[in-house]
Amino acid sequence: MIHWFRGRCRSCGDVLLSNELAGVCPPCRWGWPVFSDGEATQQLGQTRAGMLVFGLGFRLCQGSGTQEVIHRAKYGAFPETARSLGRWVAERWQPPPSKATLVPVPLHWRRRWKRGFNQAEAFAEGLSCVWDVHVDGDILRRTIHKTSLTANTRAERQKALGQVFDAPPQGAHRVILVDDVLTTGATARMCSEAMKLAGHEILGGVWMAMA
């Protein structure tokens, strides 16, 4: 079998072959603190986001290379990193219920224009390739442009996100929220609240990583 050269691992610098993921070689990836489906993961999801977990990649930890992976997925200018992570998560988790819709957490148009893509939408596209589940980026929208909330406390995030998301009236859907990182859960709860007000049923969520 021919293995095509794909550059070098962004963590260790070794040559990458065809089985790399997001620019990381398998040995480095095996060191990621990976989540799996089970009671402990579901309890974390319920505590953080108030919803079921349909997929969760890894915990962000210094020294594991995971923070660099997420940074590339968000700011690397190439959505394929997020898509590949979506395919990887979907292959490790059970498909969601039939007729579910993947709804990526939206970016404000100014930030999307600056980055050139929405990493949550690219991640959802990767999930969709494996699960064969529809992605709808029009169910939820971000109405207010905010600076990054990464360093904010839980209370500060909840206050800042209070009126940021909106779901335009349309037919009801069975929704699975998709985002890059589950931090305090404030974003997931605000998105869920907006979509519930519009008549959608929130089944749960999928995230690349948990901080």
Side-chain angles (χ1 to χ4, degrees), residues 37 41-57 73-74 79 82-83 85-86 89-90 93-112 115 117-146 148-150 152 154-211:
D37 191 10
T41 303
Q42 291 299 340
Q43 288 179 348
L44 279 173
Q46 289 283 353
T47 301
R48 291 284 186 95
M51 61 180 68
L52 291 176
V53 175
F54 282 94
L56 184 58
K74 296 178 69 171
R83 291 194 189 102
L85 288 168
V89 169
W93 289 74
Q94 293 295 319
S98 62
K99 297 183 179 180
T101 300
L102 299 174
V103 177
V105 172
L107 294 177
H108 189 271
W109 70 266
R110 293 181 185 274
R111 180 163 291 170
R112 185 184 180 110
R115 291 185 188 174
F117 70 101
N118 176 1
Q119 72 277 359
E121 186 172 349
F123 179 52
E125 291 168 356
L127 296 167
S128 176
C129 287
V130 177
W131 285 342
D132 193 24
V133 177
H134 178 61
V135 178
D136 193 331
D138 296 324
I139 288 179
L140 190 65
R141 64 186 179 187
R142 187 165 187 145
T143 57
I144 300 174
H145 179 60
K146 291 283 186 181
S148 176
L149 302 175
T150 302
N152 292 35
R154 182 185 298 269
E156 290 169 341
R157 287 174 63 89
Q158 290 176 336
K159 181 178 180 180
L161 289 168
Q163 301 297 325
V164 173
F165 298 102
D166 176 52
Q170 54 177 290
H173 293 79
R174 305 179 75 207
V175 167
I176 296 176
L177 189 68
V178 179
D179 203 3
D180 50 9
V181 179
L182 178 58
T183 307
T184 65
T187 298
R189 292 175 187 275
M190 292 301 103
C191 290
S192 176
E193 181 179 345
M195 289 189 288
K196 284 180 180 178
L197 289 174
H200 303 295
E201 179 186 358
I202 313 302
L203 301 180
V206 184
W207 296 268
M208 293 183 197
M210 177 184 286

Pairwise distance [atom1]([X]) to [atom2]([Y]) - rounded to 0.5 angstrom:
X	Y	atom1	atom2	result
Gln119	Asp180	CD	CG	4.5 Å
Leu177	Met190	CG	CE	12.0 Å
Met51	Leu203	CE	CG	10.0 Å
Arg83	Glu125	CZ	CD	4.5 Å
Arg174	Ile202	CZ	CD1	11.5 Å
His173	Leu140	NE2	CG	12.5 Å

Is a donor on one side and an acceptor on the other found under 3.5 Å between the side chain of [X] and the backbone of [Y]?
X	Y	result
Thr47	Gln43	yes
Asn118	Val105	yes
Arg142	Val164	no
Glu121	Pro106	no
Trp131	Ala90	yes

Do [X] and [Y] come close enough that some side-chain heavy atom pair is under 4.5 Å?
X	Y	result
Gln46	Leu52	yes
Val135	Pro104	yes
Phe117	Leu107	no
Phe165	Ser192	no
Leu127	Trp93	no

Over all heavy atoms of both residues, which pair between [X] and [Y] is shortest? Give the atoms and the distance, please.
X	Y	answer
Pro168	Ala198	O-CB, 4.5 Å
Gly199	Ala172	O-CB, 3.2 Å
Leu56	Val89	N-CG1, 4.1 Å
Ile176	Pro96	CD1-CB, 3.1 Å
Asp136	Gln170	OD2-OE1, 4.4 Å
Ala82	Ala122	CB-CB, 3.7 Å

